[in-house]
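Convention: sequence-line order gives letters A, B, ...; per-chain numbering from 1. All values below were derived from every heavy atom in this structure, side-chain atoms included, with hydrogens, water molecules and symmetry-related copies excluded. Predicted, not measured: the structure shown is a model, and the values here were computed from it.
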Protein chains: 2
Amino acid sequence: MPLAHDAPTRLAVSTVIFALRPDSVGRPVLWTPLVRRTREPQRGFWALPGGWLPPNEELEVAAARTLRSTTGLAPKYLEQLYTFGEVDRSPEARVVSVVYWALVQSDEAARATAGPNVRWVPADTLPELAFDHNRIIEYALWRLRNKVEYAQIAHSFLGETFTLAELREVYEAVLQRSLDPANFRRQMIASGRLRETGERLAGAPHRPPKLYRYDTSAATAESREPFMRERPAS
Amino acid sequence: MPLAHDAPTRLAVSTVIFALRPDSVGRPVLWTPLVRRTREPQRGFWALPGGWLPPNEELEVAAARTLRSTTGLAPKYLEQLYTFGEVDRSPEARVVSVVYWALVQSDEAARATAGPNVRWVPADTLPELAFDHNRIIEYALWRLRNKVEYAQIAHSFLGETFTLAELREVYEAVLQRSLDPANFRRQMIASGRLRETGERLAGAPHRPPKLYRYDTSAATAESREPFMRERPAS
DNA sequence: GCAAAAGTGTTTAGCGTACACCCATGT
DNA sequence: ACATGGGTGTACGCTAAACACTTTTGC
């Protein structure tokens, strides 16, 4: 079915947002917030947070604003994912969506705003979503799991300081497999991007672990990608 | 300077095209075709091939069509690169460009159409281009050089059959360093994606090398990325 | 036979994995 | 003291890099 010849192509920005939340057994797994569509087309279906691109707003800023308005949070990591533009991905009008993906701090996400039209769901067991949004989230998951293996982004789920065990739990949750604590420690230290804070986390009935901080200035030239900012727009 | 409030955001598709051509010393290096802008803004400057997105055309098809109209060629590899949408990247109007990158067969590119408004230039020593196109090509180069190291795309510069020496020359030209022929051979064979044709390339004053063919069906599930097609749209 | 590139064999170094073991704290 | 996770040491296996060596052609 051809589109109306006078309908202009519309440009939207959407964001796939990831945070870690405990599942029913208490182990952290990936969750993502969705919004309920309140108008046609696809009214009532859950969809990615997003909206039309304002003429004077940067793409990345639009993604961050969307994130903030649906979760109340600021992204700790934000990157362009892909642009989806199939002619038939939305009925009636041609819609090209520039999609971003974001990581937010998990303990903040636990207290994130939610309402009747915002719902967090486990990213690996999605319901049927509006448009091609299932496919988009699956692609974002693929990218996240790939990128965690070679880029230092896992700390974006955590706060300013963290223990190596906490960091390892993030990797294990994202990659869905357990990692050797001893080797994990050495790999992280060898990367040269962790700085000891000098403090330890006390209170547990065992040896108190050191607290680390991610060193943003230690990113080497080889590993740096174009267009990557230290602080995403908010 | 704010944009006119009634000017809609426009959507364009551009393509960074790479082929290998001999430099002055005869060694293959990366070249890319540019088109001269014949209207304002930036009239007279060289720019990436591209144009406005037709309402009923797929993004990838638009990229392939652009490629064909400027070079007369069909892409052997075509992938979305990034979407550039900075508010001020084009004067007067907000333009969001979905940029693709493509690899074309080098011996075909040698006979490619060129005219007063199409020029091939070495990709590593670009003149000053229109808009942000210098930055776009530099990013495409970065992506190409990264991806060649972990994905099997180098054969896209070659014809149906090729020798391991020819394939190695592609890698050397893209990565700008020489590779050990013995180890290169073993790595390629070990990848399991090359098939012997049973033929050899005769005529040179030395032992005739075997001819190989790239086996598209041998791509494993682990290495496959979403949205990758065997045959790009043309 | 000789030159030159194709193709094979072998050694070494680095790195990730597996796992044994010691350390430090709260109870 | 002891249980528990933090943290260290070490051996193994795989792979890439380096390079010596053999093979096969045209001249």
Practice problem: Please determine, for the side chain of A/A182, which listed nucleotide (D/dC19, C/dA24, D/dG9) has the closest atom? | Solution: D/dG9

Self-check item: Atom-to-atom span, CZ of B/R177 to C1' of D/dA17 - whole angstrom
Solution: 11 Å

Quiz item: Between B/W142 and B/Y139, what is the ring plane arrangement, given parallel below 30°, perpendicular above 60°, and tilted in between?
Solution: parallel

Quiz item: Does some side-chain heavy atom of B/I17 sit less than 4.5 Å from a side-chain heavy atom of B/L48?
Solution: no

Practice problem: Provide, to the nearest angstrom, the distance between the CG atom belonging to B/L179 and the P atom belonging to C/dA6. | Solution: 14 Å

Quiz item: Nearest-Å distance, CZ (A/R168) to C1' (D/dG7)?
Solution: 12 Å

Quiz item: Hey, are A/R186 and A/N183 close enough side-chain-wise for a donor-acceptor pair under 3.5 Å?
Solution: yes

Practice problem: Grab the CZ-C1' distance between B/F184 and D/dA16 for me, whole Å please. | Solution: 14 Å

Quiz item: B/Y150 has an atom OH; how far is it from atom P of D/dA16, in whole Å?
Solution: 17 Å

Quiz item: Taking the side chain of A/H206 as heavy atoms from C-beta outward, which of D/dT4, D/dG7, D/dG9 is closest to it?
Solution: D/dT4

Self-check item: Any N/O donor-acceptor pair, B/R186 side-chain to C/dG9 base, under 3.5 Å
Solution: yes

Quiz prompt | A/R89, A/E86, A/H133 screened by side chain to side chain contact (heavy atoms under 4.5 Å, CB included) with A/S97, the one that passes | solution = A/R89

Practice problem: May I ask you to verify if any side-chain N or O of B/R185 is less than 4.0 angstrom from the OP1 or OP2 atom of D/dA17? | Solution: no

Practice problem: Would you tell me if any nitrogen or oxygen in the side chain of A/Q187 comes within less than 4.0 Å of OP1 or OP2 on C/dC15? | Solution: no

Exercise. Please state how far atom CG in B/L201 lies from atom P in C/dA4, giving the value in whole angstrom units.
Key: 19 Å

Quiz prompt | Nucleotide C/dA6, atom C1' - distance to CD1 of B/I189 in whole Å | solution = 12 Å

Self-check item: Nearest-neighbour nucleotide for the B/D180 side chain, D/dT25, C/dA6, D/dA18 considered
Solution: D/dA18

Practice problem: Select one nucleotide: of C/dA24, C/dA6, D/dG6, the one nearest the side-chain heavy atoms of A/P208. | Solution: C/dA24

Practice problem: Tell me, yes or no, whether the heavy-atom count around B/R200 atom CZ, taken from other residues, nucleotides or ligands under 6.0 Å, exceeds 12. | Solution: yes

Quiz item: Going by modelled atom types, is there a donor-acceptor pair between the base of C/dA18 and the side chain of A/N183 at under 3.5 Å?
Solution: yes

Exercise. Select one nucleotide: of C/dA24, C/dA6, C/dG16, the one nearest the side-chain heavy atoms of A/R207.
Key: C/dA24

Quiz item: Given atom CG of A/L164 and atom P of D/dT4, what is their separation to the nearest angstrom?
Solution: 22 Å

Practice problem: Please check the phosphate of C/dG7 (OP1 and OP2 only) for any side-chain N or O of B/R200 closer than 4.0 Å. | Solution: yes

